[in-house]
Amino acid sequence: AGQGGLSLPNRDYYTKTDESSVKLREAFVKHVTNMFQLVGDSPEQAAKNAQSVLAFQTRLAQNSRTPVELRDPTTQYHLMNPAQLKELTPAFSWEEYRKGAGAPTTGDINVAHPEFFTAVNKMVTEVPVADWKTYLRWQLITAAAPSLSSKFEIENFNFFGKTLEGRKEQLP
């Protein structure tokens with residue numbers, strides 16, 4: 001189990017304060033707003049949801065390892081049994097998660113980034129349910145975008161393809 005949940009490539013995209021990073025986050029918020037509008041949210045609600053997504057993901061990013069830290073293989077192995085997992089994240093049931101995923105509910109798990117899961121455990125109790133729902137709704141929308149109508153596909157490409165990756169045109 002490792003850190004994740006970010007739409008932008010890594011934590012630096014959320015934490016750097018230089019002008020280009022700030023502008024990229026502004027473009028991301030505009031993209032998220034557009035996507036929420038495409039699923040039927042009012043412009044005001046879509047903008048509010050986009051800010052919620054950015055705040056949620058920024059908190060995840062602040063508790064994620066940097067790209068340099070992720071390159072060190074000696075810090076990526078923390079085998080934990082069910083009792084240790086419960087101690088690491090008392091507000092999150094690994095057993096229920098594994099059951100829901102159709103995986104065996106016993107056995108050890110390598111928690112590559114324990115500090116991330118400690119932070120997420122804290123978020124489980126501190127972040128309002130409405131913000132979790134908005135974040136999870138965003139995850140569904142962005143994951144489904146390539147399979148939805150061309151408006152979603154184009155909006156998704158305009159941000160991730162053009163703005164983020166610098167591509168000129170979408171592949172067929």
Side-chain angles (χ1 to χ4, degrees), residues 1-67 70 89 91-94 96-103 111-167 170-171:
Q3 68 189 35
L6 305 178
S7 297
L8 300 175
N10 63 57
R11 72 165 280 157
D12 292 349
Y13 285 80
Y14 296 87
T15 59
K16 285 188 174 180
T17 57
D18 61 278
E19 185 180 344
S20 69
S21 295
V22 170
K23 285 184 178 183
L24 184 67
R25 284 191 298 274
E26 289 170 358
F28 174 65
V29 168
K30 185 175 188 302
H31 164 67
V32 176
T33 299
N34 292 342
M35 294 292 272
F36 274 118
Q37 285 181 281
L38 286 173
V39 296
D41 289 3
S42 70
E44 298 78 20
Q45 186 62 49
K48 182 181 172 193
N49 288 346
Q51 289 298 330
S52 177
V53 167
L54 179 64
F56 192 100
Q57 289 189 358
T58 298
R59 188 162 173 185
L60 291 176
Q62 289 166 338
N63 291 288
S64 297
R65 292 184 183 179
T66 66
L70 289 171
T89 56
F92 178 81
S93 172
W94 287 88
E96 289 299 318
Y97 172 76
R98 292 164 86 169
K99 191 184 303 180
V111 180
H113 315 112
E115 66 283 358
F116 177 79
F117 287 95
T118 299
V120 170
N121 182 73
K122 201 171 181 188
M123 289 176 70
V124 167
T125 60
E126 292 178 357
V127 174
V129 171
D131 292 350
W132 277 95
K133 287 181 177 181
T134 299
Y135 167 74
L136 293 170
R137 188 167 167 241
W138 164 248
Q139 292 293 80
L140 178 62
I141 293 166
T142 193
S147 302
L148 298 173
S149 73
S150 62
K151 289 180 181 181
F152 287 91
E153 188 178 3
I154 291 166
E155 175 59 38
N156 212 39
F157 173 75
N158 284 341
F159 178 73
F160 288 104
K162 286 184 179 177
T163 302
L164 195 59
E165 297 173 2
R167 289 191 274 152
Q170 192 168 0
L171 298 173

- Item | Nearest non-hydrogen partners of Met123 and Trp132, listed with the distance | O-NE1, 3.4 Å
- Task: Taking all heavy atoms of Ser7 and all of Gln57, pick out the closest pair and write down the distance.
- Result: OG-NE2, 2.9 Å
- Query: Thr15 versus Gln62: any side-chain heavy-atom pair under 4.5 Å?
  - Reply: yes
- Query: Any sub-3.5 Å donor-acceptor pair from Thr163's side-chain atoms to Asn158's backbone N or O?
  - Reply: yes
- Query: So do Tyr14 and Leu54 actually touch side chain to side chain, heavy atoms under 4.5 Å?
  - Reply: yes
- Does His113 use its side chain to pair, donor to acceptor, with the backbone of Gln3 at less than 3.5 Å? yes
- Query: Okay, side chain of Ser52, backbone of Lys48: is any donor-acceptor separation there less than 3.5 Å?
  - Reply: no
- Item | Heavy-atom closest pair, residues Thr142 and Gln139 | CG2-O, 3.4 Å
- Query: Is there a donor-acceptor contact under 3.5 Å from the side chain of Ser21 to the main chain of Thr17?
  - Reply: no
- Query: Salt bridge check: are Asp131 and Arg59 linked by an N-O gap of less than 4.0 Å?
  - Reply: no
- Nearest heavy-atom pair of Gly2 and Ala112: which atoms, and what distance? CA-CB, 4.4 Å
- Can you tell if the side chain of Asn63 reaches within under 4.5 Å of the side chain of Glu115, non-hydrogen atoms only? no
- Query: Short question: side chain of Gln170, backbone of Phe157 - any donor-acceptor pair under 3.5 Å?
  - Reply: no
- Task: Give, for atom CG of Leu24 and atom CG of Leu8, the distance between the pair rounded to the nearest 0.5 Å.
- Result: 6.0 Å
- Message: Strictly below 4.0 Å, N to O, side chains only: are Glu96 and Lys99 in salt-bridge contact?
- Response: yes
- Task: Take Leu60 and Arg11, measure what side-chain contact (heavy atoms from CB on, under 4.5 Å) needs, and give me the verdict at the end.
- Result: CA-CA 8 Å; Leu60 291 176; Arg11 72 165 280 157; over 6 Å; no
- Do Val127 and Phe56 have side-chain heavy atoms sitting under 4.5 Å apart? yes
- Message: Rounded at 0.5 Å granularity, tell me how far CG in Leu38 sits from CZ in Phe152.
- Response: 4.5 Å
- Rounded distance (nearest 0.5 Å) linking atom CD of Glu155 with atom CZ of Phe160: 9.5 Å
- Heavy-atom closest pair, residues Asp12 and Pro67: OD2-CD, 3.6 Å
- Query: So do the side chains of Arg65 and Asn10 get within less than 4.5 Å of each other, counting heavy atoms only?
  - Reply: no
- Message: Determine whether a donor-acceptor pair (N or O, by modelled atom type, separation under 3.5 Å) exists between the side chain of Arg25 and the backbone of Tyr13.
- Response: yes
- Message: What verdict does the side-chain contact (heavy atoms from CB on, under 4.5 Å) test give for Val120 and Thr89, after you've listed the backbone C-alpha separation in whole Å, the side-chain angles of each residue and the deciding distance to 0.1 Å?
- Response: CA-CA 8 Å; Val120 170; Thr89 56; over 6 Å; no
- Message: Rounded at 0.5 Å granularity, tell me how far CD1 in Ile141 sits from CG in Asp41.
- Response: 7.0 Å
- Item | Nearest non-hydrogen partners of Thr33 and Pro43, listed with the distance | CG2-O, 4.4 Å
- Look at the side chain of Thr125 and the backbone N and O of Lys122, then say whether any donor-acceptor pair between them is shorter than 3.5 Å. yes
- Output the distance between atom CG (Leu164) and atom CZ (Phe28), rounded to the nearest 0.5 Å. 10.0 Å
- Message: As a quick check of understanding, evaluate side-chain contact (heavy atoms from CB on, under 4.5 Å) for Met35 and Trp138, giving each step before the final call.
- Response: CA-CA 9 Å; Met35 294 292 272; Trp138 164 248; 3.6 Å; yes
- Quick one: CZ on Phe36 to CD on Gln45, what's the gap to the nearest 0.5 Å? 9.0 Å
- Take atom CD in Glu19; do more than 12 heavy atoms of anything else shown fall under 6.0 Å from it? no
